[in-house]
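Let me begin by presenting the structure, written as structure tokens, before commenting on it.
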Number of protein chains: 2
Amino acid sequence: MTDERGLRLAALPRDHPCGRCEVRLDTFCGALKAKELAEFKALGSTARAEPGQCLFHEGDTAELVFNVTRGTLKLYRLLPDGRRQIASFIQPGDFLGLTVEEVHAYTAEALEPVDYCRFPRERFDRFADEHPEIGRELYAMAAHELAAAREQIVLLGRKTAIERVASFLLARFDRVRARNPDWEIVRLPMTRTDIADHLGLTKETVSRAFTSLRRRGLIALIPDARVELLRREPLEHLAAGERG
Amino acid sequence: MTDERGLRLAALPRDHPCGRCEVRLDTFCGALKAKELAEFKALGSTARAEPGQCLFHEGDTAELVFNVTRGTLKLYRLLPDGRRQIASFIQPGDFLGLTVEEVHAYTAEALEPVDYCRFPRERFDRFADEHPEIGRELYAMAAHELAAAREQIVLLGRKTAIERVASFLLARFDRVRARNPDWEIVRLPMTRTDIADHLGLTKETVSRAFTSLRRRGLIALIPDARVELLRREPLEHLAAGERG
DNA sequence: CGGACTTTTGACCAGGCTCAATAATAGTGG
DNA sequence: CCACTATTATTGAGCCTGGTCAAAAGTCCG
């Protein structure tokens, strides 16, 4: 298990039919009683997607809501001439497909093998309506996503190439550290092209930025698509946009 | 009354203490009974901000929630060296200051004289908790804002200068047309610098894009900071990112 | 080991930025 | 109403960051 969730997941009973699901819904564990949680989980069914498979495409009617339990996806939109913008990367624990629109505005494609629970949207919505505490959780999640989206807006609107890459890496490191405070290595399951399409750059520029950060001694590139954080402070300064 | 809300507001009793407020809370009119609506409005008090004044600054503790009833604001963040990114422009009817964080991540500054209702956050939250239908409205609003933010991400990440300006103008026109379907003129209360800081460009590039659109016969620039839409189709093609 | 793919690096190019000058516009006070 | 000023918008010239195109090096498979 090389993935960033690391030890905690490894310690869980993998054979339990909803073992993974149980963890990834921990957001709701605080909000729901055991009985209600079981009831909620009964609404969904588990499934798997292989790399390159899409859970839904831009323009599809939004019939399902997803909760990712393993693996990473990219959420992107294509312009008519093929330019691509990746709005965000979706990781274990994230919900996906929540929308008030009729159709999805983005395509969700698996980067690696992905396990997920899927809920019929109608049943999901009804459950949320009947359980205000869930509604509140969903609201908090939307608010967090909005904050993250606006962070990305600042990045795309005003940061230089190397600042964007520094911000991206720090966001990855922080996500790992939330669970493993002393973890200094993160795996990047996405290609340079994916990162570029997320940061509004080209793959070449992303690669040059990685090289520059490595030469400055801020990071190290490790086999198996991993990155090690060597010096956090200067990386944070770069990410914050302090010129120098 | 040159402003885009146009006739509808003009027809309201201006002397009524909450006349304006009544309109701008129309989002909730459908969700709440008259008695509850009155109860809700009693939570807030009206106030005014002059151009340049800020309702709150980046880093302030979030103690109030705002609902704008007249005028336009810009919501922005500054990088340490002065680079600025305007996340969005806030218009009559919009809520402001809704966050699950303790502090505001952005500064909200008035572009023109702004009237607004303000609600103590605690009371606002409690009311929302007690009225699930309000919670649902808030969730829908957050979802819409998230969709708009992601639209902006596509714009900033992958569109050219002229495509960004075309998208920006169309968004303005569409907002007007939602209320006045045959309205083809929009006032832009923000400066070229503001537009530039919203679109990730410089004021010179924005100005050149306006000139280019005018020379192509897609728009006309009218005194009093207004723009007329002459040819919608080609502007939409540009905004959508069809190269050519 | 071989082939496909990804990443890195290099050389050159261009879209948009910077700096600067001019023009238009909006206030302001006489 | 108009001159005067301050601010904003437009236009021009040159530059630079990051894009494009191409080649080499590295990686991951079977």
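None of the values given here were measured: they were computed from a predicted structure. Throughout, a chain's letter reflects where its sequence line sits, starting with A, and its residues are numbered from 1.
- Residue E163(A) contributes atom CD, which lies 12 Å from atom P of dT17(D) at whole-angstrom precision.
- Of the candidate nucleotides dT10(D), dT7(C), dT11(D), dT7(C) has the atom nearest to the side chain of R192(A).
- When ring centroids are compared, F56(B) and F66(B) come within the 6.0 Å threshold.
- Between T191(A) and dC5(C), a side-chain N or O to OP1/OP2 separation shorter than 4.0 Å is absent.
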What do the steps show when you test I90(A) against S88(A) for side chain to side chain contact (heavy atoms under 4.5 Å, CB included), and what is the final call?
CA-CA 6 Å; I90(A) 306 294; S88(A) 67; 3.7 Å; yes

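- From T72(B), atom OG1 reaches atom CD of E112(B) across 3.5 Å, with rounding to the nearest 0.5 Å.
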Using a cutoff of under 3.5 Å, can you pull out all pairs of nitrogen or oxygen atoms linking the protein to nucleotides 11-17 of chain C, with atom names and distances?
{"from": "dG16(C)", "atom 1": "OP1", "to": "A161(B)", "atom 2": "N", "distance (Å)": "2.9"}
{"from": "dC17(C)", "atom 1": "OP2", "to": "T202(B)", "atom 2": "N", "distance (Å)": "3.4"}
{"from": "dC17(C)", "atom 1": "OP2", "to": "T202(B)", "atom 2": "OG1", "distance (Å)": "3.2"}
{"from": "dC17(C)", "atom 1": "OP2", "to": "T205(B)", "atom 2": "OG1", "distance (Å)": "2.5"}

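- At whole-Å resolution of the value, NZ in K203(A) and P in dT9(C) are 15 Å apart.
- Between R231(B) and E236(B) no salt bridge is recorded (no basic side-chain N to carboxylate O distance below 4.0 Å).
- The residues R232(B) and E184(B) are annotated as not salt-bridged, no charged nitrogen and carboxylate oxygen being separated by less than 4.0 angstrom.
- Neither side chain, K203(B) nor T191(B), offers a donor N or O lying under 3.5 Å from an acceptor on the other.
- The nearest whole Å value for the distance from the CZ atom in R83(B) to the C1' atom in dT17(D) is 13 Å.
- Atom CZ in F210(A) sits about 13 Å away from atom C1' in dT6(C), given to the nearest Å.
- Residues meeting the salt bridge (Lys or Arg N to Asp or Glu O under 4.0 Å) test with D182(A), sequence neighbours left out: none.
- As judged by a 4.0 angstrom heavy-atom cut-off over every strand, L221(A) is placed among residues touching the sugar-phosphate backbone only.
- Between R84(B) and D194(B), at least one side-chain nitrogen of the basic residue sits less than 4.0 Å from a carboxylate oxygen of the acidic one, meeting the salt-bridge criterion.
- At whole-Å resolution of the value, CG in D197(A) and P in dG19(D) are 11 Å apart.
- Taking atom CG of L213(B) as the reference point, atom P of dA9(D) lies 16 Å away to the nearest angstrom.
- Remark: C1' of dA24(C) and CZ of R214(B) are 12 Å apart, rounded to the nearest angstrom.
- As rounded to whole Å, 17 Å separates atom P of dT7(D) from atom CG of L111(B).
- Evaluation of the side-chain hydrogen bond (donor to acceptor under 3.5 Å, both in side chains) rule for T205(A) yields T202(A) as partners, not counting sequence neighbours.
- In summary, R175(B) and D94(B) engage in a salt bridge, as defined by a charged side-chain N under 4.0 Å from a carboxylate O.
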In 5'-to-3' order, the base (B), backbone-only (S) or no-contact (-) status of each nucleotide in nucleotides 22-30 of chain D, using a 4.0 angstrom heavy-atom cut-off, is ------S--

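- Five base pairs at each end of the helix from dC1(C)-dG30(D) to dG30(C)-dC1(D) define two local axes, and these are offset by 50° (rounded to 10°).
- In this view, E101(B) and H144(A) satisfy the side-chain hydrogen bond (donor to acceptor under 3.5 Å, both in side chains) rule, not counting sequence neighbours.
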